[in-house]
Novice: 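Have a look at this one before I ask anything.
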2 protein chains.
Amino acid sequence: MTEKSAVEEAVPIGEAAKRSGVKVPTIRYYEQIGLLAAPARTEGNRRLYTRTDLRRLAFVRHARELGFDVEAIRTLLSLQDHPDRSCASADAIAQARLAEVRVRIAKLKALEAELTRMVEECACGRVAECRVIEILAEPHRHGTLA
Amino acid sequence: MTEKSAVEEAVPIGEAAKRSGVKVPTIRYYEQIGLLAAPARTEGNRRLYTRTDLRRLAFVRHARELGFDVEAIRTLLSLQDHPDRSCASADAIAQARLAEVRVRIAKLKALEAELTRMVEECACGRVAECRVIEILAEPHRHGTLA
DNA sequence: CCTTGCTCCTCTAGTCGCTAGAGGATGTAG
DNA sequence: CTACATCCTCTAGCGACTAGAGGAGCAAGG
């Protein structure tokens, strides 16, 4: 340690990755696509992340975990920068995402049911009488599933 | 109609797309990656799909709807061609997929809960007191979700 | 016969959100 | 001073398509 406890504002990208749980190349990628602003650099051209940068990074990570796409996160970040504005659009984005998630869950449950039927009925003999293959081969009306 | 009802074996790619519910470029793509064998062609170099081809196409579509990846479908198709073999690997593939689906469902339910909390608590005032933004900004232990 | 307009052909490049690797510079500890 | 870790930029790849350019074939109407 040279002189930590006192000031020690900014950390290099590896530390930022560790603290945020976002991988190093991913952080650089976010910067490249303009999702995160380019941080300050050292003399030696290395990125230095301040506490503020780290907070944004954590925000992005959390939002990605919730499945928001990059465009949505861009909007959410810019909303965060304007606390006086109405949060109606943030709400709309979250609601839209919630609707998507519910649709996905419903579809996956239908899949689960069909897959369960497949594996339960498979007596694991020859392919000729295999329910898995049979069900897949069945004539199938379009768009029932997925 | 020139002479339909009698023989009328093969259809062009557009018809195949309509009947299978797989889009034209996707059918060509499946051929390109070797998931489907190249069908016969007319003198004028157009693809002609027989009933057998259409059956395979429907099989692939159904499998994709169930979320099997192309590699899994390759295996399932080759199993279908050997009805005398054991169907254990078909069963294994389906079981693996079922496990994946269950994991996805569990994760999505966690997401749903968190998103629901967000939108329910959002009083839709200013961003400053918006729960959606607030929750995203919260310090967050890694890997709880997703 | 000829044009119109549809389907078809091949080929390349783009999508999304990363991830991997090459090839090199910089920083730090022993 | 020499390892070695970490950092830099840049390009290419992943899966499963999708979009578009640029052209050929074909059936039907005038």
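In the text below, chain A, chain B and the rest are named by the order of the sequence lines, each starting its count at 1.
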Novice: Over how many whole Å does the gap from A:R41 atom CZ to C:dA25 atom P extend?
Specialist: 16 Å
Novice: Donor-acceptor pair, A:R97 side chain versus A:L66 backbone, under 3.5 Å?
Specialist: yes
Novice: Can you check the A:Y29 OH to C:dC16 P distance for me, whole Å?
Specialist: 8 Å
Novice: Could you walk me through whether A:T116 and B:R102 pass side chain to side chain donor-acceptor pair (under 3.5 Å), step by step?
Specialist: CA-CA 11 Å; A:T116 302; B:R102 286 182 172 151; 3.3 Å; yes
Novice: Any base atoms under 4.0 Å from A:F68, or only sugar-phosphate, or nothing? Heavy atoms, all strands.
Specialist: nothing
Novice: In this structure, how many angstroms lie between the P atom of C:dC18 and the CD1 atom of A:I27, rounded?
Specialist: 12 Å
Novice: Between C:dT7 and B:R46, counting only base atoms on the nucleotide and side-chain atoms on the residue, is there a donor-acceptor pair under 3.5 Å?
Specialist: yes
Novice: Mapping B:G44 and A:R28 to their closest nucleotides on DNA chain D, which lands nearer the 5' end?
Specialist: A:R28
Novice: Which pair of heavy atoms, one from A:D69 and one from A:R64, lies closest together, and at what distance?
Specialist: CA-NH1, 4.0 Å
Novice: Provide, to the nearest angstrom, the distance between the CD atom belonging to B:E100 and the C1' atom belonging to D:dG15.
Specialist: 14 Å
Novice: Mind calculating the distance between CD1 (A:I73) and C1' (C:dC16) to the nearest angstrom?
Specialist: 12 Å
Novice: With a 4.0 Å limit, can you tell me whether B:R47 has a side-chain N or O closer than that to the phosphate oxygens OP1/OP2 of C:dT10?
Specialist: yes
